[in-house]
Amino acid sequence: MSKVNQAEAIEKALSNRARPKKASALSTCLTFSGRMLLKIKYVPEQLFDITAFPVIYLLMFTYLFGGAIAGSTAAYLQFVLPGILVMTVVMITMYTGIELNNDIKKGIFDRFRTLPIWNPSVLVGALMVDLVRYSIASTIMLVLGYILGFRADGGFGGIVLGLLILLLFAFSVSWIWTTLSMIMRSEKSLLAVSMMILFPTTFVSNVFVAPETMPSWLEAFVDVNPISYLVRAVRGFMEGTPDYQAVAWVSVISLGLIVIFGPLTMYLYKRK
Amino acid sequence: MTELNQERWAIEATGLAKHFGENRAVDGVDLKVKKGTIYGVLGPNGAGKTTTIRMLTTLLKPDGGTARVLGYDIVKDADQVRQRISLTGQFASLDEDLSGMENMVMIGRLLGFSRKDAKKRAEELLTAFDLFEAAKRQVKNYSGGMRRRLDIAASIIVSPELLFLDEPTTGLDPRSRNQVWDIIRLLVKAGTTVLLTTQYLDEADQLADRIAVIDHGKVIAEGTSGELKASVGTGKLHVRVFDPEIRAKAAEVLEQTIQTEVQLGTDPLVLTAQVSDTKLVSKALLAFEDANIAITDFSLGQPSLDEVFLTLTGKPADDQTKEEAAE
């Protein structure tokens, strides 16, 4: 294009001073979700965690512990699948923080922060895509579980309710990681801290064994561990014996996490 | 509303300050930028330019002082400010993982355009900025010049009243740099006020209506480029000899004629001298001829901004290698 034409084109583009109405919070959230989906389009390998983890975890724990704990792998699968599902999804939430920690160092965030938009939408939009990721991971595990012989007595409805409460918790717990990702300066330290929190809370729970088999001091901890409540809730729905007390606790804990860590994340985000 | 729109100043900052621990990155900056002009903030790395911009664009809260941008307080009315400004950061404010088109559509959507309108606007701007062919490529594969152009294009999806450009040409080749300059001039012609930071004196000289020279977080001089140059006083004589062998002799002849100290430039062919009496200069030309010294350039000019900077800070502009403290 010749220089003169280009100057004209730029002038014409500049003369268009259309100023649309401010984008709604929902619309900006969806735009940010779209951004995350485009990233997956360019780097599909990032789906590795949500496809490989469910398969590896389910096979590994079922066949490793099944015989010893429940006498048979088939019986153990029935008990352990909801637990491993919880553990896998909660583990995967950690990557939300790591992705954000990486992302936020980029120049584009300066632009996001100077746009007249509802500020949290950049994070909420990303978390919405994460919910899709968690759903995919859960579906993969449930399908594999079905092939291996897992049958939910709660039926399809039970499975869906179990997934919903799991997704609510996963969404809420993600705000802990977003907060940490604003504080931690490197991906490595963030990973270390996240692991330090996640390993004990997921393993020292009712995921693998019934708490009654543990020493009383450990049982006391397991009983108050939020992961245990979540596992009870999910297991209850899938087995067709809903544990409403656990569901209530999980809901309260989830809301609490959002109320505390949501604003905290945004406070840190604005200062970063 | 009308009252605010009639406001004469795009930016009014008083005593703006930001400290990072012990480091007083910005230490009381006053700025007044008239609407519809290009304002240059000139200073070496680490002078506090980026930190100043980050405060004015609501990215950083000042530790002291106040500033109004287009009539709105940068702390109290941050939202109002954000609706009227655009920032093109020092490091491309783009998503490297997405294509040029995807970036433009995303930002258009965030600004409130419908998907269709965002796409239309993106196409219009990408074409105008000569990026249409590269629209489908990921930004990480763009050259520096393309990236800058896309960055500016993204900043004017909704024509801002005030555009901040943080070192818009750092690292660009001369051709891309000229393109960016042309774009900036067109922006101002279309009514946008531009505040740009630069460490290139030449750039401030070429583009800016007014310049603030900033060093160690303080404005050390302010004015048009002509005023800044005049403040240094005398003009400068610039001589280029034909052969480096004869430079020493030429310096001797020159010193005798104009009776001031002659500096030898780093270029082995160049001599410079501050002169106060221009009559002596014409004599120097004759003296060279008498001494049979061949010269290829002989010019008397206003001092360059480089010299202004040197005079103001007591050191050359590029003498500081401290990293920008705004990280």
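These figures come from a predicted structure and were not determined experimentally. Proteins get letters first, then strands, A, B, ... in listed order; numbering begins at 1 in each.
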(Q) Heavy-atom pairs under 4.5 Å with chain A: which of B:Ile107, B:Leu186, B:Val81, B:Val105 has the most? (A) B:Leu186

Q.
How long is the straight-line distance from CG of A:Leu38 back to CG of B:Asp95, given to the nearest 0.5 Å?
A. 8.5 Å

Q) Does atom CD of B:Glu133 have more than 12 heavy-atom neighbours from other groups under 6.0 Å away? A) no

**Q.** B:Ile156 portion near chain A, given a 4.5 angstrom heavy-atom threshold
**A.** side chain

Q | Heavy-atom pair count under 4.5 Å with chain A, highest-scoring of B:Leu87, B:Thr88, B:Leu94 | A | B:Leu94

Q) Who wins among B:Gly108, B:Ala154, B:Ser86 for the most heavy-atom pairs under 4.5 Å with chain A? A) B:Ala154

Q. Hey, mind stepping through A:Lys106 and B:Glu96 against side chain to side chain contact (heavy atoms under 4.5 Å, CB included) and telling me if it holds?
A. CA-CA 9 Å; A:Lys106 295 175 187 160; B:Glu96 305 258 312; 5.5 Å; no

Q | Most chain A-contacting option - heavy-atom pairs closer than 4.5 Å, from B:Ile183, B:Ile85, B:Leu98, B:Leu125 | A | B:Leu98

Q | Heavy-atom side-chain contact between B:Leu110 and A:Arg35 under 4.5 Å | A | no

Q) Do A:Tyr42 and B:Lys140 pass the side chain to side chain contact (heavy atoms under 4.5 Å, CB included) test, and can you show the C-alpha distance, the side-chain angles, and the key distance before you say yes or no? A) CA-CA 12 Å; A:Tyr42 284 111; B:Lys140 65 172 131 200; over 6 Å; no

Q. Which region of B:Ala78, side chain (C-beta onward) or backbone (N, CA, C, O), has a non-hydrogen atom less than 4.5 Å from a non-hydrogen atom of chain A, or is it both or neither?
A. neither

Q. Checking heavy atoms, do the side chain of A:Phe109, its backbone, both or neither come under 4.5 Å from chain B?
A. neither

Q: Answer yes or no: are there more than 12 heavy-atom neighbours, outside A:Lys39 itself, under 6.0 Å from its atom NZ?
A: yes

Q. How about A:Phe203: does its CZ atom have over 12 heavy atoms from other parts shown lying under 6.0 Å from it?
A. yes

**Q.** chain B contacts, top residue of A:Leu30, A:Thr31, A:Val43 (heavy-atom pairs, under 4.5 Å)
**A.** A:Thr31

Q: Using non-hydrogen atoms and a 4.5 Å limit, figure out which bit of A:Ile117 sits close to chain B: side chain, backbone, both or neither.
A: side chain

(Q) Determine whether a donor-acceptor pair (N or O, by modelled atom type, separation under 3.5 Å) exists between the side chain of B:Arg82 and the backbone of A:Arg113. (A) yes

**Q.** From CA spacing to verdict: side chain to side chain contact (heavy atoms under 4.5 Å, CB included), B:Gln83, A:Lys22
**A.** CA-CA 9 Å; B:Gln83 279 181 37; A:Lys22 203 174 147 172; 4.1 Å; yes

Q: Measure the spacing between CD1 of A:Ile40 and CG of B:Asp97 and express it to the nearest 0.5 Å.
A: 12.0 Å

Q | Contact leader toward chain A among B:Thr58, B:Thr57, B:Leu111, where contacts are heavy-atom pairs under 4.5 Å | A | B:Leu111

Q: Go through the atoms of A:Lys12 and report whether side chain, backbone, both or neither lie under 4.5 Å from a heavy atom of chain B.
A: both

Q | Side chain, backbone, both or neither of B:Ser114 within contact of chain A (heavy atoms, under 4.5 Å) | A | neither

Q: Can you tell which part of B:Leu187 gets under 4.5 Å to a heavy atom of chain A, answering side chain, backbone, both or neither?
A: both

Q: Using non-hydrogen atoms and a 4.5 Å limit, figure out which bit of B:Arg115 sits close to chain A: side chain, backbone, both or neither.
A: neither

Q: Heavy-atom pairs under 4.5 Å with chain A are the metric here; pick the option from B:Met106, B:Arg109, B:Arg185, B:Lys189 that has the most.
A: B:Met106

Q | A:Arg111 side-chain N/O to B:Asp151 backbone N/O, donor-acceptor pair under 3.5 Å | A | yes

